[in-house]
Amino acid sequence: MSNVEITALETIRKEIQKLRDKYQTKAEKEREKVNEIFVTIKGEKCYSNDDIFGWYEAGYINSRQYDKYRDKLEAKKKAAEYVDNKTKSEMIVKILSTMSRNLNAEIATIKEEEE
């Protein structure tokens, strides 16, 4: 029975790996797009909240303007499905990687128990 179970788990692991590889490619493309999201302040591109905060700290924009630019940047990132520093596909890759590691551990445990 264990050989059948191991074979089934290994098949699932291979399928998860194929799916993970597919989403990895998609994640790389999404990352390129997200890295190009910016707001323009006085002709300069700002790609992160830190960039915008630098303008505020230097006194070039006031707190209301800082909030406006920050919210605008966040809205653009949200529209690109970029949440918690991850794109949708990056999150899928992370979940599939965890599933694959769990299957590897389960397969190893079953093999140990057989010996």
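We're numbering straight along the sequence, starting at 1. Both backbone and side-chain heavy atoms feed into the values below; hydrogens, waters and symmetry mates do not. Remember, it's a predicted structure, so these values are computed and weren't measured experimentally.
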**Student:** Just verifying a value: how many Å separate R31 CZ and S89 OG, rounded to the nearest 0.5 Å?
**Tutor:** 11.0 Å

**Student:** Output yes when E15 and K18 qualify as a salt bridge under the 4.0 Å nitrogen-oxygen rule, no when they do not.
**Tutor:**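 So E15 pairs with K18 through a salt bridge.
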
**Student:** Return yes if some donor-acceptor pair links the side-chain N/O of K76 with the main-chain N/O of F38 below 3.5 Å, else return no.
**Tutor:** yes

**Student:** Please answer whether the main-chain N or O of N62 pairs with a side-chain N or O of Q65 as donor and acceptor at a distance below 3.5 Å.
**Tutor:** yes

**Student:** Table please: side-chain donor-acceptor pairs of residues 50-59 below 3.5 Å, with sequence neighbours left out.
**Tutor:**
{"residue": "D51", "atom": "OD1", "partner": "S48", "partner atom": "OG", "Å": "3.4"}
{"residue": "D51", "atom": "OD2", "partner": "Y47", "partner atom": "N", "Å": "2.9"}
{"residue": "D51", "atom": "OD2", "partner": "S48", "partner atom": "N", "Å": "3.3"}

**Student:** Quick one: does R70's side chain get under 4.5 Å of L73's, heavy atoms only?
**Tutor:** no

**Student:** How close do C46 and I41 get, counting heavy atoms only, and between which atoms?
**Tutor:**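 The answer is SG-CD1, 3.8 Å.
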
**Student:** Could you work out, with side-chain hydrogen bond (donor to acceptor under 3.5 Å, both in side chains) as the rule, every residue matching E106, not counting sequence neighbours?
**Tutor:**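 For E106, no residue satisfies side-chain hydrogen bond (donor to acceptor under 3.5 Å, both in side chains) once neighbours in sequence are set aside.
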
**Student:** Looking at side-chain heavy atoms only, is the closest gap between R13 and L9 below 4.5 Å?
**Tutor:**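 They are not in contact (no side-chain heavy atoms under 4.5 Å apart), so the answer is no.
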
**Student:** What residues form a side-chain hydrogen bond (donor to acceptor under 3.5 Å, both in side chains) with E74, not counting sequence neighbours?
**Tutor:** N49

**Student:** Would you call E114 and N3 a side-chain contact if the rule is heavy atoms closer than 4.5 Å?
**Tutor:** yes

**Student:** Tell me which donor-acceptor pairs under 3.5 Å the side chains of residues 95-103 have, and how far apart each pair is, sequence neighbours excluded?
**Tutor:**
{"residue": "S97", "atom": "OG", "partner": "R20", "partner atom": "NE", "Å": "2.7"}
{"residue": "S97", "atom": "OG", "partner": "V93", "partner atom": "O", "Å": "2.9"}
{"residue": "T98", "atom": "OG1", "partner": "K94", "partner atom": "O", "Å": "3.1"}
{"residue": "T98", "atom": "OG1", "partner": "R101", "partner atom": "NH2", "Å": "3.2"}
{"residue": "N102", "atom": "ND2", "partner": "T98", "partner atom": "O", "Å": "3.4"}

**Student:** Going by ring pair (Phe, Tyr, Trp, His ring centres under 6.0 Å), name the pairs with one or both residues in residues 87-108, residues two or more places apart or in two chains.
**Tutor:** none

**Student:** Working to the nearest 0.5 Å, report the span between NZ of K29 and OG1 of T87.
**Tutor:** 13.0 Å

**Student:** Check the surroundings of atom NZ in K77: do more than 12 heavy atoms from other residues, nucleotides or ligands lie under 6.0 Å from it?
**Tutor:** yes

**Student:** Could you report the tightest heavy-atom contact between E30 and E90, atom names first, then the distance?
**Tutor:** OE1-N, 4.4 Å

**Student:** Distance from K111 atom NZ to T109 atom OG1, nearest 0.5 Å?
**Tutor:** 11.5 Å

**Student:** Give every residue pair that meets the ring pair (Phe, Tyr, Trp, His ring centres under 6.0 Å) criterion with at least one member in residues 4-31, sequence neighbours excluded.
**Tutor:**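 Residue pairs passing ring pair (Phe, Tyr, Trp, His ring centres under 6.0 Å), neighbours aside: none found.
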
